[in-house]
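For reference, the structure is listed below as structure tokens.
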Amino acid sequence: MNAISRLNRVALQGVAVTFDINGRTVEALSTETLIEVADREGIEIPRLCYREGMEVVGNCRSCMVEINGERVLAPSCCRYPTEGMKVVTDSPRAVASQKMVLELLLSDMPETEYTRHNEVDFWARKLAVGKPRFAARRQPRQDASHAAITVNLDACIQCTRCVRACRDEQVNDVIGLAFRGDHAKIVFDMDDPMGNSTCVACGECVQACPTGALMPAREVALTVPDKKVDSVCPYCGVGCQLTYNVKDNKILFVEGRDGPANHERLCVKGRYGFDYAHHPHRLTVPLIRRADAPKSGDFVMDPDRVMDVFREATWEEALALAGGTLSNIRDTHGKKSLAGFGSAKGSNEEAYLFQKLVRTGFGSNNVDHCTRLCHASSVAALLEGIGSGAVSNPVMDVTKAEVVIVIGANPTVNHPVAATWIKNAVKNGTKLVVCDPRRSDLARMSHRYLQFKPDTDVAMLNAMMHVIVHENLVDADFIASRTIGYDELKQNVEGYSPELMAPICGIDADTLRYVARLYATSKGSMILWGMGISQHIHGTDNARCLIALALMTGQIGRPGTGLHPLRGQNNVQGASDAGLIPMMFPDYQRVDNPAVRAKFEAAWNTPLDGTPGLTVVEIMHAIKAGQIRGMYIMGENPAMSDPDANHARESLAALEHLVVQDIFLTETCYLADVILPASAFPEKTGSFTNTDRTVQMGRQAIDPPGQAKQDLWILQELARRLGLDWNYQHVSEVFDEMRHTMPSIGGITWDRLEREHSVTYPCVAEGDPGDPVVFIETFPRDSGRARFVPADIIPADERPDTAYPLVLITGRQLEHWHTGSMTRRTAVLDALEPDPVALVHPLDLAGMGGKPGDVITIESRRGKVTLYARADDSSPRGAIFVPFCYYEAAINKLTNAALDPFGKIPEFKYCAIRVALGGEVEAQSSYGGGQVLRRLTPA
């Protein structure tokens with residue numbers, strides 16, 4: 001029984017009872033345990049196997065209490081109160097039993113202390129157990145095979161908290177309790193060394209362990225931090241809350257916090273991906289390109305030539321050159337000759353000021369960020385269909401759904417903590433349908449797995465809608481009262497019967513019918529999707545189909561229903577909300593709407609351009625055409641993340657002036673004229689908005705190194721040199737300006753964020769609780785009604801042929817993030833995945849005469865990379881999956897820059913390639929596993 005089912009048990013099944021505990025009359029639910037009641041009443045009872053939120057097992061017996069009238073001792077963690085019961089927790093019998101258990105366990109503890117928080121020692125001191133009378137029997141047994149976690153089984157008390165953390169909470173099913181009697185022990189998989197097991201290093205077992213039998217694989221367990229700072233995770237859009245433990249301005253370790261999205265859970269990146277902030281590669285002084293250092297898109301990141309290319313500068317010199325040159329370009333070539341890329345990793349306030357700088361300082365709307373490369377098509381379809389680009393329901397609503405469809409997403413890799421809630425829901429009876437060309441880990445738990453052919457999403461989804469229409473499974477009342485355009489959609493899906501679409505999408509007609517019926521007829525169905533849906537030239541059409549499925553069945557506007565595009569980066573939702581997109585002011589207010597523009601001109605006291613700006617890929621083309629001559633890039637790495645990366649690098653190299661603001665010397669920095677050293681995530685305070693629309697507080701835990709500055713300071717200083725009179729004294733002043741221009745967060749004050757840590761928008765008026773579920777009664781469109789938009793099959797821009805017979809699919813790895821600039825400079829993450837790999841179906845690999853670990857070269861019409869082959873049957877035959885985080889095998893050199901016409905998103909998920917054995921993998925030059933760049937510090 002996991003945390004969710006336990007909460008349901010307490011909330012739904014209990015009846016009130018009155019009983020005595022230590023002579024005090026109390027009221028409780030009949031489904032609460034005695035230890036839960038005691039905790040609520042402030043009565044202390046020892047416990048070791050018990051942990052709040054976990055299934056109770058009662059196997060340590062340290063929590064024994066006396067039940068008067070029954071003349072028995074009972075474990076309080078799994079005994080429930082009855083009417084009139086009399087419980088004594090500190091009677092001589094109960095205390096003697098508690099002390100005996102602790103004494104026996106204490107006698108078996110190793111002499112070496114593995115943790116500051118050994119709970120056996122804690123409770124032994126509380127009860128004054130003293131030196132045990134029994135001889136120790138264990139010998140030290142350490143397993144140090146894992147990069148993140150050390151196993152010390154001599155400290156294990158077999159409380160099984162780690163087993164429950166792994167199996168019930170994270171549902172990774174790695175840890176078990178094997179053998180019998182005094183041979184019983186904790187094992188990983190089939191008693192493998194932990195480093196050879198299927199462990200994904202979420203660290204939940206370490207957080208649960210009471211003795212240090214499982215501990216971090218670094219010398220931090222016994223170190224006392226100077227301070228603890230509550231913040232949020234800097235990686236994916238789930239928005240897990242965490243606590244930094246800091247000593248001497250260095251993060252020692254991270255703990256999960258009870259936030260609304262994670263309830264103390266973390267993944268490998270959130271728990272172990274923090275030491276990039278202390279990496280010697282950090283930029284610590286402004287740099288200016290030397291006059292004799294030419295720029296080239298075909299650069300080599302040579303650590304020995306860094307200071308041949310750049311020289312150190314003062315902040316005043318660097319800012320004057322950056323701002324002065326950009327101003328000259330603007331004044332000479334016009335306002336639309338400049339562009340800016342903001343960051344989805346920065347705070348809401350940074351995103352807001354960045355887009356405001358571009359619009360008021362540059363004078364155009366040429367501002368964008370990485371949402372253009374992930375969910376732009378989803379947002380386009382959502383704005384068109386339901387009037388809002390945000391999710392309708394939080395991820396946690398999967399626990400309230402009867403049916404959950406996950407399509408084009410791999411949450412266990414890209415949103416690991418969100419995946420745990422999906423897995424918890426499945427264990428509690430929710431039917432999971434996974435639809436994806438690649439077989440993800442969630443497929444093993446799915447009720448149905450639909451491995452459709454790549455690029456056939458619309459065919460499959462229209463076939464499902466055909467079934468729902470023809471079998472009259474639609475919600476006619478919902479369609480009539482809350483939507484428009486249904487007749488056109490109904491007519492469009494007429495030609496998409498399951499029998500006709502089955503050979504196209506690769507899913508048999510019976511399965512298509514079954515899943516359509518299952519989704520349409522459940523009391524609550526929810527759809528979650530990822531970039532497998534959005535990163536196509538027909539990505540907007542893919543999302544239109546998902547929206548239509550929800551609308552025609554009325555599966556939206558209630559808990560346990562709705563549409564949820566899983567946001568990729570930690571603040572891609574907030575950055576988009578704040579206006580870091582070329583066609584929208586903050587809060588998705590169109591720049592070409594005169595009334596909206598007048599409102600922002602009044603707020604910002606300056607005229608504004610009414611023409612939508614250029615998007616990420618369009619800007620790269622405009623550079624080559626001579627239209628864009630100067631750029632300011634903050635915290636983005638388009639030289640790695642853009643499609644057809646060679647073209648992107650050539651474009652960046654062709655700029656007259658490029659200013660890059662970042663924490664590392666990224667691939668994009670190599671093409672800059674001025675580099676401004678910025679602050680890492682834990683070095684600043686700001687608000688961040690997760691995939692659930694929850695605005696959360698990220699707090700500064702450490703100081704920036706050297707002369708590095710916080711991003712808000714840099715933005716203001718550059719703005720002044722562009723002629724803007726900005727003087728924000730604190731980040732809260734920026735947030736206050738935001739909420740007065742963004743109605744959706746108008747009711748969220750900075751003081752409230754400081755106090756409550758998180759608030760979900762829309763929150764229009766101060767005091768409003770916020771709305772986790774939206775579209776309950778109406779949709780935010782002019783008519784109040786959602787709109788059906790039909791979609792037809794559009795093939796990928798580039799199909800396999802005899803010259804390029806295979807398909808390339810790109811994405812992320814669990815251990816690495818985005819372009820790798822942070823995670824590949826994190827010791828644990830880089831140790832877990834140090835080398836560039838391609839996931840190839842074993843039969844395809846054997847067919848080319850290769851074996852796992854062989855070097856292969858992948859080539860498209862735009863470029864080629866060489867990397868290591870990993871046999872992996874998650875990818876279908878004929879398709880190869882490659883993460884885009886490896887500089888030495890930059891896979892976006894191969895991807896296609898063809899755009900979806902509505903969302904202007906590139907087709908990352910499909911291009912034609914060919915593969916050959918052999919080649920030479922480039923040496924890692926700028927990351928943790930390879931040569932070390934010279935530390936850039938003041939002379």
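We find that Lys904 and Glu618 are joined by a salt bridge, their nearest charged nitrogen and carboxylate oxygen being less than 4.0 Å apart. The pair Asp436-Arg438 fails the salt-bridge criterion, with no side-chain N (NZ, NE, NH1 or NH2) lying under 4.0 Å from an Asp/Glu carboxylate O.
A donor atom on one side chain and an acceptor atom on the other are found under 3.5 Å apart for Thr760 and Thr694. In the model, Tyr910 has no side-chain atom that pairs as donor or acceptor with a side-chain atom of Gln535 under 3.5 Å. With no hydrogens or angles considered, a side-chain donor-acceptor pair links His564 and Thr691 at under 3.5 Å.
Distance alone, capped at 3.5 Å, places no donor-acceptor pair between the Ser534 side chain and the Gly539 backbone. A donor-acceptor pair under 3.5 Å links the side-chain atoms of Asn690 to the main chain of Val238, judged by distance alone. Not a single donor-acceptor pair under 3.5 Å links the side chain of Asp577 to the backbone N or O of Asp587. Looking only at distances, a side-chain donor or acceptor of Asn262 sits under 3.5 Å from a matching main-chain atom of Gln241. The main-chain N or O of Phe688 is never found under 3.5 Å from a side-chain atom of Asn571 such that the two would form a donor-acceptor pair. No donor-acceptor distance shorter than 3.5 angstrom exists from the side chain of Ser231 to the backbone of Gly698, with no hydrogens or angles considered. When atom types are taken as modelled, the side chain of Gln555 and the backbone of Ser522 share a donor-acceptor pair closer than 3.5 angstrom. With hydrogens and angles ignored, the 3.5 Å screen pairs a side-chain donor or acceptor of Arg597 with a backbone N or O of Val591. Counting only distance, with no hydrogens or angles, the side chain of Asn348 and the backbone of Phe735 share no donor-acceptor pair below 3.5 Å. In this structure, the side chain of Arg265 does not engage the main chain of Gly256 through any donor-acceptor pair within 3.5 Å.
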Quick one: do Gln569 and Tyr235 satisfy side chain to side chain donor-acceptor pair (under 3.5 Å)? Show the steps, please.
CA-CA 6 Å; Gln569 297 205 35; Tyr235 290 107; over 6 Å; no
Show the numbers, then the answer: is there a side chain to side chain donor-acceptor pair (under 3.5 Å) between Gln589 and Lys599?
CA-CA 10 Å; Gln589 302 173 77; Lys599 183 179 80 169; 2.5 Å; yes
Using the rule given for side-chain contact (heavy atoms from CB on, under 4.5 Å), can you reason through Leu566 versus Val395, listing the C-alpha separation, both sets of side-chain angles and the distance that settles it, and then say yes or no?
CA-CA 8 Å; Leu566 289 157; Val395 171; 3.9 Å; yes
Met460 and Cys435: CA distance, side-chain angles, deciding distance, side-chain contact (heavy atoms from CB on, under 4.5 Å) verdict:
CA-CA 10 Å; Met460 180 182 68; Cys435 310; 4.0 Å; yes
Could you walk me through whether Asn570 and Cys233 pass side-chain contact (heavy atoms from CB on, under 4.5 Å), step by step?
CA-CA 7 Å; Asn570 64 312; Cys233 180; over 6 Å; no
For the pair Lys490 and Met552, evaluate side-chain contact (heavy atoms from CB on, under 4.5 Å) and give the outcome as yes or no after the intermediate values.
CA-CA 10 Å; Lys490 180 179 178 181; Met552 66 167 45; over 6 Å; no
Please walk me through it: do Glu349 and Ser687 pass side chain to side chain donor-acceptor pair (under 3.5 Å)?
CA-CA 7 Å; Glu349 295 76 23; Ser687 66; 2.5 Å; yes
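The side-chain heavy atoms of Glu636 and Cys370, taken from C-beta on, include a pair separated by under 4.5 Å. Proximity of Pro260 to Gln696: side-chain heavy atoms (C-beta onward) are separated by under 4.5 Å at one or more points.
Under the rule for a ring pair (Phe, Tyr, Trp, His ring centres under 6.0 Å), the partners of His447 that lie at least two apart in sequence or sit in another chain are Tyr514. Scanning for ring pair (Phe, Tyr, Trp, His ring centres under 6.0 Å) contacts around Tyr449 gives an empty result, with sequence neighbours left out. With sequence neighbours left out, the ring pair (Phe, Tyr, Trp, His ring centres under 6.0 Å) criterion links His536 to His538. Here Phe779 pairs with Phe775 under the ring pair (Phe, Tyr, Trp, His ring centres under 6.0 Å) rule; sequence neighbours left out.
Applying the salt bridge (Lys or Arg N to Asp or Glu O under 4.0 Å) test to every pair with at least one member in residues 754-773, sequence neighbours left out, gives these pairs: Arg699-Glu754, Arg739-Glu766, Arg752-Glu756. Listed by first then second residue, pairs satisfying salt bridge (Lys or Arg N to Asp or Glu O under 4.0 Å) with a partner in residues 775-785 number zero, not counting sequence neighbours. Within the structure, salt bridge (Lys or Arg N to Asp or Glu O under 4.0 Å) pairs that include any residue of residues 375-393 comprise Glu384-Arg544 (at least two apart or interchain). Under the salt bridge (Lys or Arg N to Asp or Glu O under 4.0 Å) criterion, the residue pairs touching residues 451-474 are Asp455-Arg799, Glu471-Arg513, Glu471-Arg517, with sequence neighbours excluded. Sorted pairs that involve residues 376-408 and meet ring-ring contact (aromatic ring centres under 6.0 Å, His included), not counting sequence neighbours, are lacking altogether. The side chain to side chain donor-acceptor pair (under 3.5 Å) pairs that include a residue from residues 370-382 are Asp368-Arg372, His375-Ser378, Ser378-Trp529, where partners are two or more places apart or lie in different chains. Identified under the side chain to side chain donor-acceptor pair (under 3.5 Å) test for residues 400-412, with sequence neighbours left out: Asn410-Thr412.
The minimum heavy-atom distance linking Ala376 with Ile905 is given by the pair N-CD1, 4.0 Å. Between Leu518 and Ser525, the shortest heavy-atom distance links the atoms O-OG, 4.2 Å. In terms of heavy atoms, Ala459 sits closest to Ile504 at CB-CG2, 3.9 Å. The shortest non-hydrogen separation linking Leu489 to Met465 is CD2-SD, 4.0 Å. Taking both residues in full, the closest heavy atoms of Gly239 and Ala261 are given as O-CB, 4.1 Å, listed atom of the first, atom of the second, then distance. The nearest pair of heavy atoms linking Leu382 to Pro565 is CD1-CG, 3.9 Å.
Relative to the six-membered ring of Trp604, Arg359 misses at least one condition, a distance below 6.0 Å or an angle of at most 45° to the axis.
Residue Asn542 is tested with Ile533, Ile547, Ile794 for a side-chain contact (heavy atoms from CB on, under 4.5 Å); the sole match is Ile533. For the side-chain contact (heavy atoms from CB on, under 4.5 Å) with Val404, the lone residue among Asp397, Val434, Val426, Val398 that qualifies is Val398.
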Just list the side-chain donor-acceptor pairs under 3.5 Å for residues 472-480, sequence neighbours left out, or say none.
| from | atom 1 | to | atom 2 | distance (Å) |
| --- | --- | --- | --- | --- |
| Asp475 | OD1 | Asp477 | N | 3.4 |
| Asp475 | OD1 | Phe478 | N | 3.0 |

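Note: Thr561 OG1 to Tyr519 OH = 8.0 Å, rounded to the nearest 0.5 Å. How far CG of Asn424 is from CE of Met445: 8.0 Å, rounded to the nearest 0.5 Å.
The ring of His263 has its center closer than 6.0 angstrom to the ring center of Trp421.
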